Amino acid sequence: MKKNSIFTLFIVLILASCGKKEEQQMPAPTAAPFPVQTITKQDAVVYQEYTANLEGQQNVEIRPKVTGFIQKIYVDEGQVVRKGQLLFKLETQTLNQDASAAKAMVQAAQVEVDRLKPLVDRKIISNVQLETAKAKLAQAKSAYGSIASNIGFGTIVSPVNGVIGSLPFREGSLVNSTSEMPLTTVSDTKMIRAYFSMNEKQLLFFNKTFKGATTAEKLKSVPEVSLLLVDNSEYDQKGKVVTMNGLVNPTTGTTQFRAEFKNPEGLLRSGNSGIIRLPIIQKDVVVVPQNAVFEVQGKQMIFVVGQGNKVQSKIITTNGTSDLNFIVTDGLSEGDVIVVEGASKLKNDTEIIPQQIDKTNSETVAPTDKEIVKTNAAAAKK
């Protein structure tokens with residue numbers, strides 16, 4: 001029995017001795033290289049975005065001035081037309097009949113004047129009768145001229161160069177000047193106007209950012225704006241903010257602005273929508289790459305390299321983006337070294353081999369072999 005106990009104890013001692021040797025032979029963990037960046041203040045461009053409605057430079061509703069049936073439609077939807085081009089022809093048969101009757105009244109009044117004139121000359125009748133007849137002649141001529149001009153209104157031409165909109169009426173439809181819908185709309189889209197609004201807070205920031213004693217002076221200092229289309233692509237023409245409403249709408253609390261974009265290829269149409277991007281330059285701010293920032297419980301954090309190349313997480317506060325960077329308003333200072341990639345592989349007090357990144361070309365400056373050996377040797381000693 002004693003022999004078995006002594007043998008068992010001997011085996012346990014041997015295993016324990018082997019375990020210690022294995023622990024002593026385990027290599028110390030080595031530090032891994034991570035790209036880092038030194039914080040410096042710089043100027044950054046921040047884009048403020050506003051939803052915009054697009055309209056042609058001229059959107060002219062074509063409405064009839066007289067009542068009549070549409071006799072002929074000479075254009076189609078989406079057709080490009082020139083100023084003065086024939087669009088519609090209205091049936092004016094009734095007006096022609098009215099014009100014939102009015103012309104007969106003119107002739108009758110003229111006959112009466114011609115009849116009375118020699119009688120007045122011979123003082124057979126008073127001049128009052130002649131003047132009354134002349135007044136009736138003038139009245140008849142005015143009525144005839146009005147009807148004749150209405151006949152001309154039956155021929156409808158385009159008042160501007162542009163593109164034809166929808167055609168809600170067809171040939172044979174009865175239309176008049178009080179119709180709710182226009183015959184069509186001619187839109188001049190060589191220059192597109194983008195209308196967008198700012199709330200009171202945005203307007204106050206706008207007025208503080210762009211200096212000037214008058215609205216015109218402020219608008220002159222506003223840089224060119226860009227337009228994001230519905231497919232998130234950027235329109236290839238830059239625009240200019242040209243007008244700002246002088247009043248705040250009391251119902252919505254907003255002020256309307258208008259920017260204009262050239263539209264040489266007709267890509268933009270009236271009724272389109274988009275997003276205006278207004279660039280704002282912020283001077284001497286801290287910016288960090290977006291992929292360096294991670295979130296924990298809704299807070300934005302970043303790893304900062306400290307003494308002994310050990311990293312510590314810090315909470316930061318950001319205020320918007322500039323290209324692929326966050327603008328940091330709190331949590332970092334000039335000279336801090338941050339980890340810009342691989343934050344998910346790190347935790348507090350992890351030792352790394354810093355690889356400095358050149359901001360100008362985003363190239364990593366690799367550590368030398370001596371630096372790697374030195375860092376790994378220090379880790380092995382620990």
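Note that the structure is a prediction, hence the values are computed from the model and not measured.
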Would you call [X] and [Y] a salt bridge, taking side-chain N to carboxylate O under 4.0 Å as the test?
X    : Y    : result
K345 : E341 : no
E260 : R193 : yes
K310 : D349 : no

Are the side chain of [X] and the backbone N or O of [Y] linked by a donor-acceptor pair below 3.5 Å?
X    : Y    : result
Q282 : D43  : no
T214 : E217 : yes
R63  : E180 : yes
N263 : K190 : no
S187 : T189 : no

Hydrophobic cluster of L324, others only, ordered by chain and residue number, side-chain cut-off 4.5 Å: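 Besides L324, the cluster holds no residue at all.
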
Flag yes if more than 12 heavy atoms outside [X] fall under 6.0 Å of its [atom1] atom; otherwise flag no.
X    : atom1 : result
K218 : NZ    : yes
E200 : CD    : no
R269 : CZ    : no
K262 : NZ    : no
K314 : NZ    : yes
E265 : CD    : no

Pairing donors with acceptors under 3.5 angstrom, does anything connect the side chains of [X] and [Y]?
X    : Y    : value
T155 : K89  : yes
N53  : S273 : no
T252 : T254 : yes
N319 : T329 : no
T185 : E61  : no
T38  : Q356 : yes

Near-ring test F294/F303, centroid separation under 6.0 angstrom: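 Yes.
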
Straight-line distance of [X] [atom1] to [Y] [atom2], nearest 0.5 Å:
X    : Y    : atom1 : atom2 : result
S344 : N291 : OG    : CG    : 11.0 Å
S226 : I276 : OG    : CD1   : 7.5 Å
I275 : E234 : CD1   : CD    : 11.5 Å
N348 : S313 : CG    : OG    : 4.0 Å
T184 : I156 : OG1   : CD1   : 11.0 Å
L229 : Y235 : CG    : OH    : 8.5 Å

Under the side-chain hydrogen bond (donor to acceptor under 3.5 Å, both in side chains) criterion, do S270 and N59 qualify, and how do the steps go? CA-CA 8 Å; S270 288; N59 284 334; 3.2 Å; yes

Kindly give the heavy-atom pair with the smallest separation between [X] and [Y], and that separation in Å.
X    : Y    : value
N232 : L228 : O-CD2, 4.2 Å
A292 : I302 : O-CG1, 3.4 Å
V225 : A259 : CG2-CB, 4.2 Å
P354 : N309 : CG-OD1, 3.5 Å
N245 : T255 : O-CG2, 3.2 Å
V163 : G78  : CG1-O, 3.6 Å

Go through E77 and S166 one step at a time and tell me if the side-chain hydrogen bond (donor to acceptor under 3.5 Å, both in side chains) criterion holds. CA-CA 5 Å; E77 295 173 340; S166 62; 5.1 Å; no

Flag yes if [X] and [Y] sit in one hydrophobic cluster, no otherwise; membership is Ile, Leu, Val, Met, Phe, Trp, Tyr, and two members link when side-chain heavy atoms are under 4.5 Å apart.
X    : Y    : value
Y47  : Y50  : no
I280 : V286 : no
Y195 : L54  : no

Which atom pairs, donor and acceptor, lie under 3.5 Å between side-chain atoms of residues 201-213 and protein residues at least two apart or in another chain?
unit_1	atom_1	unit_2	atom_2	d
Q202	OE1	N199	N	3.0
N207	ND2	L203	O	3.3
T209	OG1	F205	O	2.7
K211	NZ	K208	O	2.7

I would like to know whether Q256 and S197 meet side-chain contact (heavy atoms from CB on, under 4.5 Å); could you show each step before the answer? CA-CA 4 Å; Q256 190 176 68; S197 298; 4.2 Å; yes

Run the numbers on I62 and V186 for side-chain contact (heavy atoms from CB on, under 4.5 Å), then give the verdict. CA-CA 7 Å; I62 308 299; V186 179; 3.9 Å; yes

Could you walk me through whether V288 and V293 satisfy the side-chain contact (heavy atoms from CB on, under 4.5 Å) test, starting with their C-alpha distance in whole Å, then the side-chain angles of each, then the deciding distance to 0.1 Å, before giving a yes or no? CA-CA 8 Å; V288 298; V293 179; 3.9 Å; yes

Could you go step by step and tell me if D284 and K41 meet the salt bridge (charged side-chain N to carboxylate O under 4.0 Å, His left out) rule? CA-CA 5 Å; D284 296 328; K41 288 189 175 181; over 6 Å; no

Go through the steps to decide whether V175 and F169 satisfy the test side-chain contact (heavy atoms from CB on, under 4.5 Å), and finish with yes or no. CA-CA 8 Å; V175 294; F169 298 100; 3.9 Å; yes

Got a sec, which residues hit side chain to side chain contact (heavy atoms under 4.5 Å, CB included) with D114, two or more places apart in sequence or on another chain?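 If we apply the side chain to side chain contact (heavy atoms under 4.5 Å, CB included) test to D114, skipping adjacent residues, the hits are Q110.
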
